[in-house]
Amino acid sequence: MQDKEQQQAIDNYVDPIEQSEMDKFVCMEMGRQIHRYIKAMRGSVSMMYRFEEQLKTLTIPERETAIARYIDLNRKVVSGLDFRMIVARAMANYCDSFDYLEAMLHNEAKFEGYMKRVYSKYIQFHEVFEHDGKFGMRDYKGNILVHPLFDFLRTCYVYVDDLRTMPVIAQRDGKMGLILPDGKETEVAPFVYDDISLRDEPPYFEATQDGNTLLLQ
């Protein structure tokens, strides 16, 4: 019985170097997925390269955060994505022999552990919530991004390829404006518009005021 427990402990042990390398190779695979997504959608080649060049300047943990933010605003990136293949490809990059790769792939506890790790790092969706008839926004950890002070909030899901924080369309006292989800409700566009709609290309916001239409930079 003790030998079995010892073997299970060995099987479940994750070497810190292995984990660090796996994080790196998973990050590469996730970046590759975004490359394919931008190429297949409306993003231009220049936008794609700009995004990738910016990722290169970041550490692996910073890239993970940036990619998770990108996925949060462009959730179709992971639509139909097989995360098992992401983990398997990362393992293949890490292993230096087929026997080693086969052992990793068949270690169910290890494979499941890496699957959970990938989800926790890259699937970090925020949510809009209601409190006393007003709407706010919080991140996946429950931290407040926008306090519940508004009659309406609309998160902007767009093909943003430069890692920026996109404003949120909000309504207050019957007028529309733009704020940042920074926990401070920093105003980007004043609450003077009758309507604000989202565009697929920059400038991303089109507003109407007293029958006039204008683009918000």
Side-chain angles (χ1 to χ4, degrees), residues 30-31 33-55 57-58 62-63 65-79 122-217:
M30 294 303 294
Q33 178 65 22
I34 290 178
H35 175 104
R36 294 175 60 196
Y37 170 75
I38 297 174
K39 188 175 180 180
M41 303 300 288
R42 302 184 188 185
S44 66
V45 173
S46 62
M47 291 168 67
M48 179 174 64
Y49 286 145
R50 186 169 68 247
F51 178 77
E52 292 174 347
E53 285 301 314
Q54 288 185 289
L55 284 183
T57 66
L58 306 177
E62 289 171 339
R63 289 187 201 182
T65 299
I67 290 174
R69 285 179 55 201
Y70 184 94
I71 291 172
D72 189 23
L73 283 179
N74 303 268
R75 298 185 185 187
K76 289 183 179 180
V77 172
V78 293
S79 177
Y122 294 100
I123 306 302
Q124 302 179 356
F125 295 163
H126 70 274
E127 64 173 354
V128 174
F129 67 95
E130 183 179 1
H131 179 71
D132 291 339
K134 299 291 183 179
F135 293 93
M137 185 182 297
R138 55 192 167 212
D139 67 14
Y140 73 106
K141 292 182 178 179
N143 299 315
I144 297 296
L145 300 175
V146 177
H147 289 86
L149 304 170
F150 302 93
D151 302 317
F152 169 86
L153 289 176
R154 182 184 179 190
T155 304
C156 303
Y157 299 105
V158 293
Y159 308 119
V160 179
D161 306 302
D162 56 6
L163 307 184
R164 81 174 81 176
T165 298
M166 288 296 290
V168 175
I169 300 173
Q171 183 181 47
R172 185 175 62 200
D173 299 328
K175 292 295 183 179
M176 310 294 289
L178 296 174
I179 58 172
L180 289 179
D182 57 2
K184 303 174 184 178
E185 295 79 51
T186 299
E187 200 171 283
V188 176
F191 286 81
V192 297
Y193 302 103
D194 302 314
D195 188 36
I196 298 178
S197 57
L198 189 63
R199 291 160 40 88
D200 289 331
E201 58 186 12
Y204 288 110
F205 301 97
E206 181 177 285
T208 57
Q209 183 180 26
D210 299 328
N212 299 313
T213 300
L214 63 155
L215 300 178
L216 302 179
Q217 299 293 331

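Residue numbers count from 1 along this sequence.
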Taking all atoms of both residues into account, what is the closest heavy-atom pair of [X] and [Y], and its distance?
| X | Y | answer |
| --- | --- | --- |
| A170 | L153 | CB-CD2, 3.6 Å |
| A207 | I196 | CB-CG1, 4.0 Å |
| K175 | D194 | NZ-OD1, 2.7 Å |
| E62 | L58 | OE1-CA, 3.4 Å |
| G183 | H147 | O-CE1, 3.1 Å |
| Q124 | A68 | OE1-CB, 3.8 Å |

**Asked** Is there a donor-acceptor pair closer than 3.5 Å between any side-chain N or O of D72 and the backbone N or O of R75?
**Response**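 The answer is no, because no donor-acceptor pair under 3.5 Å joins these two groups.
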
**Any donor-acceptor N/O pair, R199 side chain to P203 backbone, under 3.5 Å** =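 Yes; judged by distance alone, with no hydrogens or angles, the pair exists.
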
**Asked** Do F150 and I169 touch side chain to side chain, with heavy atoms closer than 4.5 Å?
**Response**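 With C-beta onward as the side chain, the pair stays apart.
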
**Prompt:** Run the side-chain contact (heavy atoms from CB on, under 4.5 Å) check on Y193 and L178 step by step: do they pass?
**Reply:** CA-CA 10 Å; Y193 302 103; L178 296 174; over 6 Å; no

**Message:** Show, in sequence, the C-alpha distance, side-chain angles and deciding distance for I34 and N74, and conclude whether the side-chain contact (heavy atoms from CB on, under 4.5 Å) test is met.
**Reply:** CA-CA 10 Å; I34 290 178; N74 303 268; over 6 Å; no

To the nearest 0.5 Å, what is the distance between [atom1] ([X]) and [atom2] ([Y])?
| X | Y | atom1 | atom2 | result |
| --- | --- | --- | --- | --- |
| E206 | L198 | CD | CG | 10.5 Å |
| H126 | N143 | NE2 | CG | 13.5 Å |
| Q54 | R63 | CD | CZ | 12.5 Å |
| R69 | M166 | CZ | CE | 11.0 Å |
| K184 | I179 | NZ | CD1 | 13.5 Å |
| R138 | I144 | CZ | CD1 | 6.5 Å |

**Item:** Candidate pair F125 and I71, rule side-chain contact (heavy atoms from CB on, under 4.5 Å), full reasoning
**Value:** CA-CA 8 Å; F125 295 163; I71 291 172; 3.9 Å; yes

**Asked** Can a salt bridge be assigned to the pair R172 and D151 using a cut-off of 4.0 Å between side-chain N and carboxylate O?
**Response**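 D151 and R172: not salt-bridged.
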
**Item:** Result of checking F191, F152, F205 against M176 for side-chain contact (heavy atoms from CB on, under 4.5 Å)
**Value:**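 The side-chain contact (heavy atoms from CB on, under 4.5 Å) with M176 is passed solely by F152 among F191, F152, F205.
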
